[in-house]
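Index from 1, following the sequence.
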Amino acid sequence: MTPFDVPIPERLKRFPLWQGKLLIHFTVHVNKDGSPDFKAFHSAHRAQALAKDWCPLCGQRMEPPYAFIGGPLCHTNRVFIDGPMHEECARYATKVCPYLANPNGDHSDKPPNLDAHHVAVTHEMAAPGRPAKMGLFFADSYQLLRSPDGVVIKAGPWLRVDWTAMPERIESACPHHKGTS
């Protein structure tokens, strides 16, 4: 099964597909020419989702448990740049997002194409690049924290962890990606 064969969850079906393939979800930055930049947030939508306890993918209200996607550093620190999600939205993302579903792919280092209203968010407690190992983590709470780079999310204690949701990178298959995050 390819990422394009994965059924879109009902709550995400209202969003358009970029070039008939990639879902342009609620918090994706869309450039002035209409093309999405999946490396950047739509700032107003991200702020709205975080303030109103909405899933950043579908833009709908959530209730615990909350799903988080990250690598070992996020798991240890419980700090995330991407907001908490519905489990079904997060599982869909793990199957279709090229960054998540293809650990050996060549991920662009090109910076996002941003205007004054849309920003990329980084944080010193999140590793740069795609970690070799990523998981889905579930918590019944989270809090918003201010950092020099913007707002980050601190998850509550883990209720459960799923390290099998995304494939792990095989280092020999991708020699220019070094280290584990």
Side-chain angles (χ1 to χ4, degrees), residues 1-29 36-42 45-46 49-50 54-60 62-108 120-123 125-140 142 152-156 158-171 173-174 177 179-181:
M1 177 183 281
T2 71
F4 311 116
D5 299 323
V6 175
I8 298 172
E10 196 61 41
R11 64 176 80 238
L12 289 168
K13 285 185 177 177
R14 67 185 173 106
F15 294 98
L17 295 175
W18 174 246
Q19 300 181 338
K21 296 178 181 178
L22 295 174
L23 189 92
I24 303 173
H25 63 77
F26 183 66
T27 58
V28 168
H29 166 71
D37 190 333
F38 293 100
K39 293 175 102 179
F41 294 113
H42 181 290
H45 287 183
R46 180 177 189 261
L50 291 173
W54 291 353
C55 174
L57 297 182
C58 70
Q60 295 177 20
M62 295 185 300
E63 292 184 11
Y66 303 101
F68 296 86
I69 297 174
L73 193 57
C74 288
H75 175 263
T76 299
N77 295 322
R78 297 190 340 258
V79 173
F80 296 83
I81 296 166
D82 291 320
M85 297 163 257
H86 293 110
E87 181 171 355
E88 121 186 85
C89 293
R91 288 201 183 275
Y92 175 74
T94 67
K95 292 176 177 72
V96 301
C97 171
Y99 182 78
L100 301 174
N102 183 8
N104 297 320
D106 189 16
H107 304 293
S108 171
V121 177
T122 60
H123 191 267
M125 292 182 79
R130 202 279 195 196
K133 180 179 178 181
M134 293 190 73
L136 268 175
F137 316 119
F138 301 90
D140 63 2
Y142 67 91
V152 295
I153 298 92
K154 174 84 173 186
W158 300 129
L159 300 172
R160 59 189 162 105
V161 173
D162 179 358
W163 286 109
T164 66
M166 287 158 282
E168 190 168 338
R169 181 171 59 242
I170 301 168
E171 291 296 332
C174 194
H177 285 107
T180 58
S181 311

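Two residues are said to be in side-chain contact when any heavy atoms from C-beta on lie closer than 4.5 Å; P84 and I153 meet this criterion. Put simply, the side chain of P9 reaches to within 4.5 Å of the side chain of E88, judged on heavy atoms. Side-chain contact between L57 and H86 is absent, with no heavy atoms from C-beta onward closer than 4.5 Å. Side-chain contact between H29 and F41 is absent, with no heavy atoms from C-beta onward closer than 4.5 Å. P131 is listed as a side-chain neighbour of P72, based on a closest heavy-atom distance under 4.5 Å. Residues F80 and F137 are in side-chain contact: their nearest non-hydrogen atoms beyond the backbone lie under 4.5 Å apart.
Note: H75 and W163 meet the aromatic proximity criterion, with ring centroids under 6.0 Å apart.
Legend: salt bridge (charged side-chain N to carboxylate O under 4.0 Å, His left out) pairs involving residues 90-101, not counting sequence neighbours, sorted by first then second residue: E87-R91, R91-D162.
Going from atom CD1 of I81 over to atom SG of C74 covers 7.0 Å, rounded to the nearest 0.5 Å.
The shortest non-hydrogen separation linking L136 to M166 is N-CE, 4.2 Å. Nearest approach of I69 to A90, heavy atoms of both residues: CD1-O, 3.8 Å. Taking all atoms of both residues into account, the shortest heavy-atom contact from M134 to L100 is CE-CD2, 3.6 Å. Between K13 and I8, the closest heavy-atom pair is CE-O, 3.2 Å.
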Identify all side-chain donor-acceptor contacts of residues 14-26 below 3.5 Å with residues at least two apart in sequence or on another chain.
residue, atom, partner, partner atom, Å
R14, NH2, C58, O, 2.5
H25, ND1, T27, N, 3.3
H25, ND1, T27, OG1, 3.4
H25, ND1, P56, O, 3.3

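Listed by chain and residue number, nothing satisfies the salt bridge (charged side-chain N to carboxylate O under 4.0 Å, His left out) test with E63 (two or more places apart in sequence, or in another chain). In terms of the side chain to side chain contact (heavy atoms under 4.5 Å, CB included) criterion, residue partners of P64 (sequence neighbours excluded) are, by chain and number, Y66, D140. With sequence neighbours excluded, the residues satisfying side chain to side chain contact (heavy atoms under 4.5 Å, CB included) with A139 are F68, A155, W158.
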